[in-house]
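Remarks on the structure that follows.
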Amino acid sequence: MTAWFQSTWLGAGFGWFLATLILILLIALPLMLAVAMVIYADRKIWAAMALRRGPNVVGPLGLLQSFADGLKVFLKETIIPSGANRGLFIIAPILTFTMALVGWAVVPFGPNMVLANINVGLLYLLAISSMGVYGVIIAGWASNSKYPFYSALRAAAQMVSYEVSVGFVLIPVILWADSFNLSRIIEAQRGHVFGFLNGFGFNPLLFPMSVIFLISAMAETARAPFDLTEAESELVAGYQTEYSSMSFALFWLGEYGNVLLMCGMTSVLFWGGWLPPVDWWPLYYVPGILWLFAKIGFFFFVFSWVKATVPRYRYDQLMRLGWKIFLPFSLIWVVLVSGYLEIVRYGALS
Amino acid sequence: MIQAFAFYLFATIVVASGVMTIGSRNPVHSVLWLILAFFNAAGLFLILGAEFIAMLLVIVYVGAVAVLFLFVVMMLDVDFAELRAGFARYWPFASLLAILLLSELGLTVGAWTVGALQPVRAAPTANGMSNIQALGEVLYTRYLYVFEGAGLILLVAMIGAIVLTHRERSDVRPQRVFRQVSRRPGDAVVNMHPGVGEGIEL
């Protein structure tokens, strides 16, 4: 598509620009719709596990609930507290929302279906997820109110802690795939175990890493049971306390966008991305993008499931889990996997 | 064309946010401007073709170092009058530093314009070789000892920081998760069947 645009009168530069702009919209707009539906799905799953009905009034089966909510927050007044730092107060939700969207630029939706097929795709995702914390910190500070501020401090410590173990979890994957490029990481998973199971997660050496990654992803996106930043029994609504209307909605959408991105990362890094789970030819007739969506949907279900069943961690327990369990474990695993690869793949002993 | 546009965009924002870092009254704003500068410097690195350094800049500086900066600065009780009070005392030294830096900058630009420096490609890698690979091949062969030395220094610094701040507190009873988890009902509850009127001995 980019090549076609470049061949028209627009020329190489602006053709590329226009094509990329259209592709960005092609990713971002369905993503917004997906986020709306995923909020609905989350509420339905949560309700079902609590033996409730969940949203069931607006539209058939309550399917339009998210849109009704969206309309509601859109029509409300944005209140900016008089003591707040105006500019930063408004920038914070925008930043959160933007960071949730830009990560999708490097996610491959199918063979050659990727907006930016860059060599450092994985590092880009890490960079984006580490930027996500700023929305929360800025919101907490700019609100000029004590509960949001506590929440911001918690968020900063929590996200920095779990980023460390996420980094170490990714190293075995990178070593095995021999690349930082997400498309190549997916290709490396084709027939990875016994020649027919697609996905690093099926590998007993990498499966523990996939579990740690999923848990760290929950902590990174501040989802239950790690939602210390918005623990309502301690901090009212955390950093969102002073927010109303669209500025609140942007936090909300950003949070779910981040959750979807983390689900996407889990599927791409450990469970084969757009590859079918088993390397069997009839399965390849199903378009790769559907496999990816199915995997993302499954991991989103796991996120909701955990949210509905696991009680919230205490703050010191959260830190203990990150620094004293995940970090040493993933560090040992890096040594283990690199040793294994050095001996088996590169023949260090022979 | 678009590259030139991107370059001027990033460069302008880097310079402007650098100025704002010094200029803004509120230290938190300063840190945020600094973060913006880091971010756009990463963009400049991308244009140079050094994508690995660009990403590391964002991950390490924006994602970790600046968060801690912000963490500390947010805790400060900012008193502007007090901040300005020391100005008269410090300005001679500060201006000396500023003049030094300015002359260094001038020297660099001068050396560049007279052609003393050979302009080389900013990120010289062999064709088809990615940044990371090229960096790794140099880092783990020729500069291995330097690299390991740097790692060792960081390790010592980390241990030093832990030793300095760690204190053993005797008045708290921390949660021992392993003991809690490995505790079984049999450890706490005993089923007794006393006969009528006998009672039990504890």
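So you know, we letter chains A, B, ... as the sequences are listed, proteins then strands, and number each from 1.
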If you draw a 6.0 Å radius around CH2 in B/Trp33, do more than 12 non-hydrogen atoms from other residues or ligands fall strictly inside? no
I'd like to know whether OH of A/Tyr315 has more than 12 heavy-atom contacts from other residues, nucleotides or ligands below 6.0 angstrom. yes
Would you give the length of the straight line joining atom CG of A/Leu125 to atom CE of B/Met55, rounded to the nearest 0.5 angstrom? 9.5 Å
Taking atom CZ as the centre, does B/Phe69 end up with more than 12 heavy-atom neighbours from other residues, nucleotides or ligands that are less than 6.0 angstrom away? no
Between B/Ile59 and A/Leu123, does a side chain to side chain contact (heavy atoms under 4.5 Å, CB included) hold up when you go through it step by step? CA-CA 8 Å; B/Ile59 293 173; A/Leu123 288 176; 3.8 Å; yes
Should we say atom CZ of A/Arg86 is surrounded by more than 12 heavy atoms from elsewhere, each under 6.0 Å from it? no
Taking atom CZ of A/Arg314 as the centre, report whether more than 12 heavy atoms of other residues, nucleotides or ligands fall under 6.0 Å from it. yes
Chain A contact via B/Phe5 - side chain, backbone, both or neither, heavy atoms under 4.5 Å: neither
Report yes if the side chains of A/Gln317 and B/Val177 come closer than 4.5 Å at any heavy-atom pair, otherwise no. no
Pick one of side chain, backbone, both or neither for A/Leu88, based on which atoms fall under 4.5 Å of a heavy atom in chain B. side chain
When you look at CZ of A/Phe89, are more than 12 heavy atoms from neighbouring residues, nucleotides or ligands closer to it than 6.0 Å? yes
Hey, mind stepping through B/Glu51 and A/Tyr124 against side chain to side chain contact (heavy atoms under 4.5 Å, CB included) and telling me if it holds? CA-CA 9 Å; B/Glu51 68 249 17; A/Tyr124 173 81; over 6 Å; no
Determine whether B/Phe52 and A/Asn119 satisfy the following criterion, side chain to side chain contact (heavy atoms under 4.5 Å, CB included), listing intermediate values before the conclusion. CA-CA 9 Å; B/Phe52 183 63; A/Asn119 278 331; over 6 Å; no
Roughly how far apart are A/Tyr134 OH and B/Leu70 CG, rounded to 0.5 Å? 6.5 Å
Whatever's closer than 4.5 Å to a heavy atom in chain A on B/Ala54 counts as neither
Of the options B/Ile35, B/Leu32, B/Val28, which is the one that meets A/Ile138 in a side-chain contact (heavy atoms from CB on, under 4.5 Å)? B/Leu32
Kindly check if the number of other-residue, nucleotide or ligand heavy atoms within 6.0 Å of CZ (B/Phe38) is above 12? yes
Could you go through the side chain to side chain contact (heavy atoms under 4.5 Å, CB included) check for A/Asp316 and B/Gln175 one step at a time? CA-CA 10 Å; A/Asp316 61 315; B/Gln175 180 184 21; 4.3 Å; yes
